[in-house]
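Sequential numbering from 1 along the given sequence is applied to the chain's residues. Below, each value reflects all heavy atoms present in this structure, side chains not excepted, and no hydrogens, waters or symmetry copies.
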Amino acid sequence: MSITIDFLFNYDGDQETLLKDLEGWIGCRFASREDPDDYRFCWLLGMEFYFGEHTLENDGELDVENFQYKISIRTPWSDADFRPLQLMTMASVTYALFRRLSIGGMLVFDTQTLLARYEIRGETLFDHVSNKTVQYPAHFADLIKKI
């Protein structure tokens, strides 16, 4: 069984600029697919890392249709030994995107559990799920409790 952590977000610029910015700030190079509408893929710390637009539908508190883009870290069963890093890696990626690209969004576990809903408040990132200003490493502990 695979586990996925998704970050859904919006970006004011075009997708190619976003892709270059993601690659620059995260430090990986996404591979192109034959179908340009398909997700881009690379490896990040031994985990599958995806970027692209999504086609998910709203489900309860998961208002995914309000977001255009999705980045995901997936660990299949064969790479389950990387799962202790998975949530912290994605939470770190979201923080880097906030700091360098002023991006907020929604963090979701396995496309069904809302972990965090980030809003930018001046120089800080606020999580509506925990009702706290995001501060690391305490935010890692808050996220871990939700899964």
Side-chain angles (χ1 to χ4, degrees), residues 1-56 59 62-120 123-130 132-147:
M1 174 174 87
S2 67
I3 300 290
T4 304
I5 307 286
D6 301 309
F7 180 60
L8 295 106
F9 62 99
N10 293 314
Y11 180 77
D12 290 333
D14 64 87
Q15 185 172 348
E16 285 306 309
T17 301
L18 174 58
L19 181 62
K20 288 177 186 173
D21 285 343
L22 287 174
E23 290 176 340
W25 289 114
I26 296 170
C28 64
R29 182 128 178 103
F30 289 97
S32 297
R33 303 283 187 151
E34 290 180 19
D35 179 356
D37 293 329
D38 197 9
Y39 282 95
R40 307 283 181 106
F41 168 84
C42 68
W43 290 98
L44 181 64
L45 297 175
M47 295 172 279
E48 298 172 10
F49 192 54
Y50 298 89
F51 161 73
E53 294 190 41
H54 71 85
T55 58
L56 299 172
D59 184 14
L62 300 178
D63 59 336
V64 296
E65 293 175 27
N66 291 330
F67 301 98
Q68 182 176 2
Y69 297 106
K70 179 175 87 163
I71 54 176
S72 302
I73 291 182
R74 179 181 172 273
T75 54
W77 180 249
S78 60
D79 292 325
D81 55 332
F82 281 94
R83 289 185 180 159
L85 296 177
Q86 188 174 9
L87 180 58
M88 290 185 298
T89 300
M90 185 59 92
S92 298
V93 165
T94 63
Y95 189 74
L97 296 180
F98 154 65
R99 281 289 173 206
R100 295 301 178 250
L101 301 175
S102 297
I103 291 176
M106 185 169 60
L107 192 63
V108 179
F109 174 74
D110 247 4
T111 319
Q112 54 189 325
T113 303
L114 178 62
L115 298 176
R117 186 179 301 275
Y118 299 116
E119 174 189 356
I120 299 170
E123 293 293 313
T124 63
L125 193 60
F126 184 82
D127 172 23
H128 286 278
V129 175
S130 64
K132 296 180 186 176
T133 298
V134 174
Q135 295 180 342
Y136 290 95
H139 187 58
F140 291 142
D142 289 340
L143 294 172
I144 289 168
K145 288 176 191 173
K146 294 177 183 127
I147 45 177

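Relative ring orientation between Phe7 and Phe9 is described as parallel, the plane-to-plane angle staying below 30° on a 0-90° scale split at 30° and 60°.
Residues Cys28 and Phe49 have side chains in contact (heavy-atom distance under 4.5 Å, counting atoms from C-beta outward). Taking 4.5 Å as the limit, some side-chain heavy atom of Val129 sits within range of a side-chain heavy atom of Lys146. Taking the side chain as every heavy atom from C-beta outward, Gln15 and Phe51 approach each other to under 4.5 Å. Under the 4.5 Å side-chain criterion, counting only non-hydrogen atoms from C-beta, Leu87 is in contact with Ile147.
The distance from atom CZ of Phe82 to atom CG of Leu44, rounded to the nearest 0.5 Å, is 10.5 Å. Taken to the nearest 0.5 Å, the CE atom of Met47 stands 5.0 Å off from the CD1 atom of Ile73. Atom CG of Leu114 sits about 11.0 Å away from atom NE2 of His128, to the nearest 0.5 Å.
The salt bridge (Lys or Arg N to Asp or Glu O under 4.0 Å) contacts involving residues 22-32 comprise Glu23-Arg29, where partners must be two or more places apart or lie in separate chains. Sequence neighbours left out, the pairs with a member in residues 74-90 that pass salt bridge (Lys or Arg N to Asp or Glu O under 4.0 Å) are Glu48-Arg74.
Legend: residues meeting side chain to side chain contact (heavy atoms under 4.5 Å, CB included) with Gln68, ordered by chain and number and at least two apart, are Asn10, Glu53. Taking Lys132 as the reference, Asp142 meet the salt bridge (Lys or Arg N to Asp or Glu O under 4.0 Å) condition, with sequence neighbours excluded.
Here the closest heavy-atom approach between residue Leu143 and residue Tyr118 is recorded as CD1-OH, 4.1 Å.
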Report all side-chain donor-acceptor pairs from residues 102-113 shorter than 3.5 Å, counting only partners two or more places apart or in another chain.
residue, atom, partner, partner atom, Å
Asp110, OD1, Thr4, N, 3.0
Thr111, OG1, Asp6, OD2, 3.4

Residues 89-96 side chain polar contacts: donor-acceptor under 3.5 Å, at least two apart:
residue, atom, partner, partner atom, Å
Thr89, OG1, Leu85, O, 2.7
Ser92, OG, Met88, O, 2.8
Thr94, OG1, Ala91, O, 2.7
Tyr95, OH, Arg99, NE, 3.0
Tyr95, OH, Arg99, NH2, 3.2

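Paired with Tyr69 under the rule side-chain contact (heavy atoms from CB on, under 4.5 Å), one option of Leu22, Leu8, Leu18, Leu19 passes, and it is Leu18.
Side-chain N or O atoms of Asp127 include none that pairs as donor or acceptor with a backbone N or O of Ala116 at under 3.5 Å.
The number of heavy-atom neighbours closer than 6.0 Å to CH2 of Trp25, taken from other residues, nucleotides and ligands shown, is 12 or below.
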